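Below: one structure, written as structure tokens.
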Amino acid sequence: MTGRWPVRLVHGDLILRPLRLRDVPAWRRLRAENDTWLRPWEATLPVPTAAAPLGLMGMVSALRAEARAGRSYPFLLTVDAAVIGQITLGGITQGSLCSGQVGYWLARSHAGRGLMPRAVALVCDWAFTIGLHRVEVNIRPENRASIRVVDKLRLRYEGRRERYMHIDGRWCDHLSYAITAEEVPQGLLRRYLDTPQ
């Protein structure tokens, strides 16, 4: 089952929407400004590839194709029309599993404002509407900011995955958190908003 795409997810001032070609300059500038902030958490390739990198225009096309195929749904995060980060529902598996994974990054200037918990909740709620049963988030143990996000959302801790993903040039352990549709019949965003912070 695939979701309708493109889609916009909105809560108050926070809008999640697909990346457009005209967003590339702002996206590129934001990534450059936040390079030091994001690098310790960025996925890398364990073996260098001889293939030429896609470039940002190619990346936008590839992301659109993945979304149309129902394999991955990448959203830009915007506040007051300014690009502030990205969140992706990826690793989607159908069949008897009906699962996906959420990964995200946020500009340092917008961290700590409660935006990412809302964004993760919006994406999880949407994932459940398109037929996914389970969503997980995998986080490096050192990434306290991301752990605060899943703690605020009360996602279930499922354990440590040893050398789970290649990050910043090496294989790194991750902590795994998950939620299923049955755990939040009212929706994850509603549960989050109803929980005193």
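Atom set for the values below is all heavy atoms of this structure, side chains included, hydrogens, waters and symmetry mates excluded. Owing to the predicted nature of the structure, the values given are computational and were not obtained by experimental measurement. We're numbering straight along the sequence, starting at 1.
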Should R140 and D168 count as an ion pair when the cut-off is N to O under 4.0 Å? no
Exercise for review: Report the C-alpha distance between F75 and L19 in whole Å, list the side-chain angles of each, state the deciding distance to 0.1 Å, and finish with yes or no for side chain to side chain contact (heavy atoms under 4.5 Å, CB included).
Suggested key: CA-CA 6 Å; F75 295 91; L19 178 67; over 6 Å; no
Within the 4.5 Å heavy-atom criterion, are [X] and [Y] side-chain neighbours or not?
X	Y	value
I92	Y73	yes
T129	D125	no
I84	T78	no
E66	T88	no
F128	H133	no
I147	K152	no
R160	H174	no
W105	L30	yes

Please round to the nearest 0.5 Å and tell me the distance separating atom [atom1] of [X] and atom [atom2] of [Y].
X	Y	atom1	atom2	answer
S109	E33	OG	CD	7.5 Å
L175	R161	CG	CZ	10.5 Å
S176	R156	OG	CZ	9.0 Å
C124	L155	SG	CG	6.0 Å

**Message:** Run R20 and D23 through salt bridge (Lys or Arg N to Asp or Glu O under 4.0 Å) and show every step you take.
**Reply:** CA-CA 5 Å; R20 301 176 299 224; D23 296 315; 3.6 Å; yes
Side chain to side chain contact (heavy atoms under 4.5 Å, CB included) with L16: of V10, L76, V123, only one passes, and it is V123
Closest heavy-atom pair, G114 versus Y192, reported as atoms and distance to 0.1 Å, is O-OH, 4.1 Å
Note: P18 and P6 closest approach over all heavy atoms is CG-CB, 3.4 Å
ask   = Is there a side chain to side chain contact (heavy atoms under 4.5 Å, CB included) between M116 and L77 once you walk through the steps?
value = CA-CA 9 Å; M116 195 52 76; L77 276 68; 3.7 Å; yes
Going by atom types only, do W27 and Q86 share a side-chain donor-acceptor pair under 3.5 Å?
yes
Are the side chain of [X] and the backbone N or O of [Y] linked by a donor-acceptor pair below 3.5 Å?
X	Y	value
N143	S146	yes
N34	A107	no
R118	H11	yes
E183	T180	yes
R191	L153	yes

State plainly whether one hydrophobic cluster holds both [X] and [Y], where clusters connect Ile, Leu, Val, Met, Phe, Trp and Tyr through side-chain heavy atoms under 4.5 angstrom apart.
X	Y	answer
M165	L89	no
L132	W5	yes
L188	I15	no
V7	I87	yes
L193	L14	yes

| task | Look at the aromatic rings of H166 and W171 and report parallel, tilted or perpendicular, splitting at 30° and 60°. | result | perpendicular
Run Y164 and N138 through side chain to side chain donor-acceptor pair (under 3.5 Å) and show every step you take. CA-CA 9 Å; Y164 176 69; N138 296 291; 3.3 Å; yes
Taken in chain and number order and not counting sequence neighbours, the residues that satisfy ring-ring contact (aromatic ring centres under 6.0 Å, His included) with H110 are none
Requested in this report: Apply the test side chain to side chain contact (heavy atoms under 4.5 Å, CB included) to residues V135 and Q101: give CA-CA distance (whole Å), side-chain angles for both, the deciding distance (0.1 Å), then the verdict.
Outcome: CA-CA 5 Å; V135 177; Q101 299 177 357; over 6 Å; no
For R134 and E136: C-alpha separation, side-chain torsions, deciding distance, then whether salt bridge (Lys or Arg N to Asp or Glu O under 4.0 Å) applies. CA-CA 7 Å; R134 180 179 188 278; E136 67 180 52; 2.6 Å; yes
Verdict with reasoning, E42 to R31, per salt bridge (Lys or Arg N to Asp or Glu O under 4.0 Å) | CA-CA 11 Å; E42 288 293 310; R31 293 293 301 193; 2.9 Å; yes
